Amino acid sequence: TIRRIVIVIAAVSLWFLYNWGGNLLRPIAVRQIRQMTGARVDIDKVRFKFSGKVSLENIKIGPLLKTEPDNAILTAKNLDVYFSLLSFLKLSPQINQLRIKDFTLNAQFNNDTKQWNIAALKLPTGKKGQRPPDFRLKRGEIKFTQITDGKEIKTIDLRINNTSTEIER
């Protein structure tokens with residue numbers, strides 16, 4: 001009976017930590033992505049995994065003002081956010097890796113307004129020695145489009161299967 005009580009207490013404790021961790025990490029992940037881009041970030045669903053990963057589903061990053069046709073810079077079915085283990089120990093979680101799956105990266109020039117959608121990105125200058133997260137891209141496309149008379153025209157379209165970035169220090 002004592003063994004069952006210990007198991008129940010352990011299970012309840014793990015469940016509590018899982019929910020508590022997820023509730024803490026979700027807003028941190030969203031806030032840090034907004035800070036990294038300086039742009040509008042729309043997310044349909046956020047899920048926490050016990051491994052410390054936060055999964056964002058159906059994410060769109062784009063200028064603060066939405067327009068038609070869609071002016072989103074990045075759309076992705078899935079963006080997985082991984083936090084640095086060391087930052088957890090310091091009680092200051094920091095994103096160290098982003099895995100983007102099934103995505104479209106769209107650099108768009110609007111001939112009607114003479115503006116690029118990527119001009120909305122306001123990349124922050126990090127603290128000295130602070131390193132941006134690594135990116136891994138899987139199954140997507142990079143496209144350059146133009147808007148003329150309210151219609152989108154695809155100029156260049158590059159398909160990507162698997163790639164990753166290495167940020168130099």
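Small disclaimer: the values here were computed from a predicted structure and weren't measured.
For the pair Arg99 (side chain) and Leu79 (backbone), a donor-acceptor distance under 3.5 Å is absent.
Remark: Ile100 CD1 to Leu74 CG distance equals 5.5 Å, nearest 0.5 Å. The CZ atom of Phe135 lies 8.0 Å from the CG atom of Leu137; values are rounded to the nearest 0.5 Å.
With sequence neighbours left out, the salt bridge (Lys or Arg N to Asp or Glu O under 4.0 Å) criterion links Arg3 to no other residue. By the side-chain contact (heavy atoms from CB on, under 4.5 Å) test, Thr145 is found to be paired with Asn106, Gln108, Lys143, Glu152, Lys154, residues two or more places apart in sequence or in another chain being considered. Remark: Asp149 engages no residue in a side chain to side chain donor-acceptor pair (under 3.5 Å) (not counting sequence neighbours). Applying the side chain to side chain donor-acceptor pair (under 3.5 Å) test to Arg47 and every residue at least two apart in sequence or in another chain returns Glu57. Residues that satisfy the side chain to side chain donor-acceptor pair (under 3.5 Å) test with Lys60, not counting sequence neighbours, are Asp70. Shown here are the side-chain contact (heavy atoms from CB on, under 4.5 Å) partners of Ile5, two or more places apart in sequence or in another chain: Ile9. Every residue was checked against the ring-ring contact (aromatic ring centres under 6.0 Å, His included) condition with Phe103, not counting sequence neighbours, and none meets it. The salt bridge (Lys or Arg N to Asp or Glu O under 4.0 Å) check on Arg40 picks up Asp42, with sequence neighbours excluded. Taking the side chain to side chain donor-acceptor pair (under 3.5 Å) definition, one finds that Arg31 meets it with nothing, sequence neighbours left out.
For residues 74-83, the set of pairs meeting the salt bridge (Lys or Arg N to Asp or Glu O under 4.0 Å) definition, not counting sequence neighbours, comprises Lys53-Asp80, Asp80-Lys101. Listed by first then second residue, pairs satisfying salt bridge (Lys or Arg N to Asp or Glu O under 4.0 Å) with a partner in residues 103-121 number zero, not counting sequence neighbours.
Between Ile142 and Ile160 the shortest side-chain heavy-atom distance falls below 4.5 Å. Side-chain contact check for Pro133 versus Leu98: some heavy-atom pair is nearer than 4.5 Å.
Applying the under-4.5 Å side-chain rule to Ile, Leu, Val, Met, Phe, Trp and Tyr, the cluster around Ile153 consists of that residue alone.
The pair Arg136-Asp134 fails the salt-bridge criterion, with no side-chain N (NZ, NE, NH1 or NH2) lying under 4.0 Å from an Asp/Glu carboxylate O.
Partner Asn58 forms a side-chain contact (heavy atoms from CB on, under 4.5 Å) with one of Asp44, Thr75, Ile43 and no other, that one being Asp44.
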